[in-house]
Amino acid sequence: MFESFFPKPKLFFMSLFGWVALLIIFWYTSGEYVGSALGFNLEDTAPVIGLGHFITPQFLWFDTYFLIGLLAFYGFWRYHSPHEWQDWAILGSALLIFLSYASVQVSVVINAWYGPFYDDIQKALGGGGEVTAGQLYGHLAVFCTIAFPYIAFIIGNRFFTAHFIFRWRTAMNDFYTARWKQVRHIEGASQRIQEDTMRFAAIMEGLGVAFVDSIMTLIAFLPVLAALSIHVETLPIIGAIPYPLVTLSIVWSIFGTVLLLVAGIKLPGLEFKNQRVEAAFRKELVLGEENEDSAQPVTLKELFSNVRRNYFRIYLHYTYFNLFRYLYLQADNVIVYIFLIPTIVSGRITLGIMNQILRAFGQVASSFQFLVSSWTTIIELISIYKRLQAFEASIRDQPLPQIDQEFIESGLKET
């Protein structure tokens, strides 16, 4: 799976994580000093609301630093272990990461825009004439300069992402079809090459980008939420604690993650079995197209009964999984209001600050809730990964995974 697209996957990812950790440490310990030495004026930290945020010295220095780190890593792997797909694997992945970073920065700018806009709305609603219509229209004009160019950015991002996914699928397709004789005996081999490779590449890319986006969001919004925490002196029941909004977002997200992990623990195996019984039923139908002795009613009825039994199991387990999932998600909509009510009624925050808190809390909490929001997709990915593991085992002349051995021993019937 990874070997087809990335050079020496285990070593590659170990070196990648090490290199990223090194870059982060250097950035937070010496990055500002080096940037200033290179001529970037990093002393002015006043927030810029609008597209000017993307040409500030801080933003440009980060772009430069990111590019230097990328080229160093790419140059090492191009020299150390040349690979057919390394341009897409390394440079393409890096571009996806940078696009996620830029997208998060747009959210940061919009969050900063909410403060003065809603403060002026609050003043205008007071009827004192302190705010003119022109000022409010000006706020909206600034928002448009941010939002409408972002549309073109999103479209370009989706276009590149689609090509990236197909390149990864192509790499896996070429890798497996070149070894067809070794894997053709595996149940559903044709489906695993034709469909599973496509789904694996798409899901891995989607989850990977979502994970990186969550990390970038945390890096960008945790300082914002920490700064906004000064407006919240105490929380109901809990009382006064350091950085209350940050603490609340972390505890609430961990609770949701653990809740859904426990509720959905059986789903990956059921999804894997479901793909297998569907493949067995489809294979018999395909054989019946070529041979009238195949796809007999008795055989088809038995195969479809396996399909029905497995689906009914999935329906049952998804019922209680969805119960806990939707209870948590509905509670997630109001949890921050519950803890903000004492601060709101005390009059210590304005409408603009409240909206900034709500948006920043939502961004941080959703980032910590990566597993909550992605669990059903992760379930599907695990089931696909289990199927492709059989290919990897056959190619390397290794025993089949336990779940496949049990299926063969049972006479190709799910238990």
Side-chain angles (χ1 to χ4, degrees), residues 1-40 58-104 156-157 159-179 182 197-198 200-213 215-216 219 385 388-389 391-393 395-398:
M1 288 164 278
F2 295 100
E3 182 181 351
S4 62
F5 198 59
F6 295 96
K8 299 181 179 178
K10 290 184 179 179
L11 180 61
F12 176 83
F13 286 113
M14 289 176 60
S15 65
L16 174 61
F17 292 140
W19 183 242
V20 170
L22 182 64
L23 289 176
I24 291 174
I25 293 172
F26 184 83
W27 173 262
Y28 282 106
T29 56
S30 307
E32 185 174 350
Y33 172 78
V34 174
S36 299
L38 293 176
F40 293 93
Q58 291 83 0
F59 195 87
L60 294 176
W61 166 226
F62 179 85
D63 292 350
T64 304
Y65 186 77
F66 181 88
L67 183 61
I68 293 172
L70 167 63
L71 292 178
F73 184 78
Y74 174 76
F76 168 79
W77 275 99
R78 188 174 182 84
Y79 171 79
H80 174 71
S81 182
H83 191 276
E84 178 185 2
W85 293 98
Q86 64 184 359
D87 289 350
W88 280 94
I90 301 177
L91 299 181
S93 298
L95 179 57
L96 288 175
I97 292 172
F98 183 80
L99 293 176
S100 294
Y101 167 75
S103 179
V104 169
N157 189 3
F159 178 82
F160 177 77
T161 299
H163 276 273
F164 181 88
I165 292 172
F166 195 82
R167 267 30 177 226
W168 195 346
R169 179 190 175 184
T170 302
M172 284 193 291
N173 179 79
D174 294 348
F175 183 80
Y176 289 135
T177 53
R179 297 160 176 81
Q182 297 170 263
T197 55
M198 178 264 296
F200 180 82
I203 294 174
M204 275 298 300
E205 185 278 331
L207 285 177
V209 170
F211 179 74
V212 170
D213 187 65
I215 298 299
M216 295 293 184
I219 293 173
Y385 177 78
L388 292 178
Q389 268 190 314
F391 271 51
E392 304 289 348
I395 290 171
R396 294 175 174 81
D397 292 325
Q398 297 174 347

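By convention here, the first residue in the shown sequence is residue 1. Please read these numbers as outputs of a predicted model, since none were measured by experiment.
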State the OH-CG distance between Tyr33 and Leu38, to the nearest 0.5 angstrom.
10.0 Å
Ignoring hydrogens, what is the shortest heavy-atom contact between Thr197 and Met172? Give both atom names and the distance.
O-CE, 3.0 Å
Under 3.5 Å donor-acceptor pairs involving side-chain atoms of residues 11-29, not counting sequence neighbours:
residue	atom	partner	partner atom	Å
Ser15	OG	Leu11	O	3.1
Ser15	OG	Phe12	O	2.7
Ser15	OG	Trp77	NE1	3.3
Trp19	NE1	Gly69	O	3.0
Thr29	OG1	Ile25	O	2.7
Thr29	OG1	Phe26	O	3.4

I want to know whether Phe66 and Tyr101 have ring centres closer than 6.0 Å.
no
Interatomic spacing from CD1 in Ile90 to CH2 in Trp85 - rounded to 0.5 Å:
14.0 Å
Distance, nearest 0.5 Å, that separates CG of Leu96 from CZ of Phe164:
5.5 Å
N/O donor-acceptor pair under 3.5 Å between Ser93 side chain and Ala89 backbone:
yes
Side chain to side chain contact (heavy atoms under 4.5 Å, CB included) partners for His163, two or more places apart
Trp88, Phe159, Arg167
Is there any salt bridge (charged side-chain N to carboxylate O under 4.0 Å, His left out) pair reaching into residues 60-83, and which pairs are they, with sequence neighbours excluded?
Arg78-Asp87
Where do Ala201 and Trp168 come nearest, in terms of heavy atoms and distance?
CB-CB, 3.9 Å
Can you confirm whether more than 12 heavy atoms, excluding those of Tyr65, are under 6.0 Å from its OH atom?
yes
Would you please test Phe5 and Phe175 for side chain to side chain contact (heavy atoms under 4.5 Å, CB included) and show each step?
CA-CA 9 Å; Phe5 198 59; Phe175 183 80; over 6 Å; no
For Lys8 and Ser81, work out which heavy atoms get closest and say how close.
CE-OG, 3.7 Å
Kindly indicate whether the side chain of Phe40, heavy atoms from C-beta on, has any atom under 4.5 Å from the side chain of Thr64.
yes
Measure the OG-NE2 distance between Ser4 and His83 for me, rounded to the nearest 0.5 Å.
7.0 Å
So for atom CD, which belongs to Glu32, do other residues, nucleotides or ligands contribute more than 12 heavy atoms lying within a distance under 6.0 Å?
no
Check whether more than 12 heavy atoms from other residues, nucleotides or ligands sit under 6.0 Å from atom CZ of Phe59, and answer yes or no.
yes
Distance check, rounded to the nearest 0.5 Å: Met198 atom CE versus Ile165 atom CD1?
10.0 Å
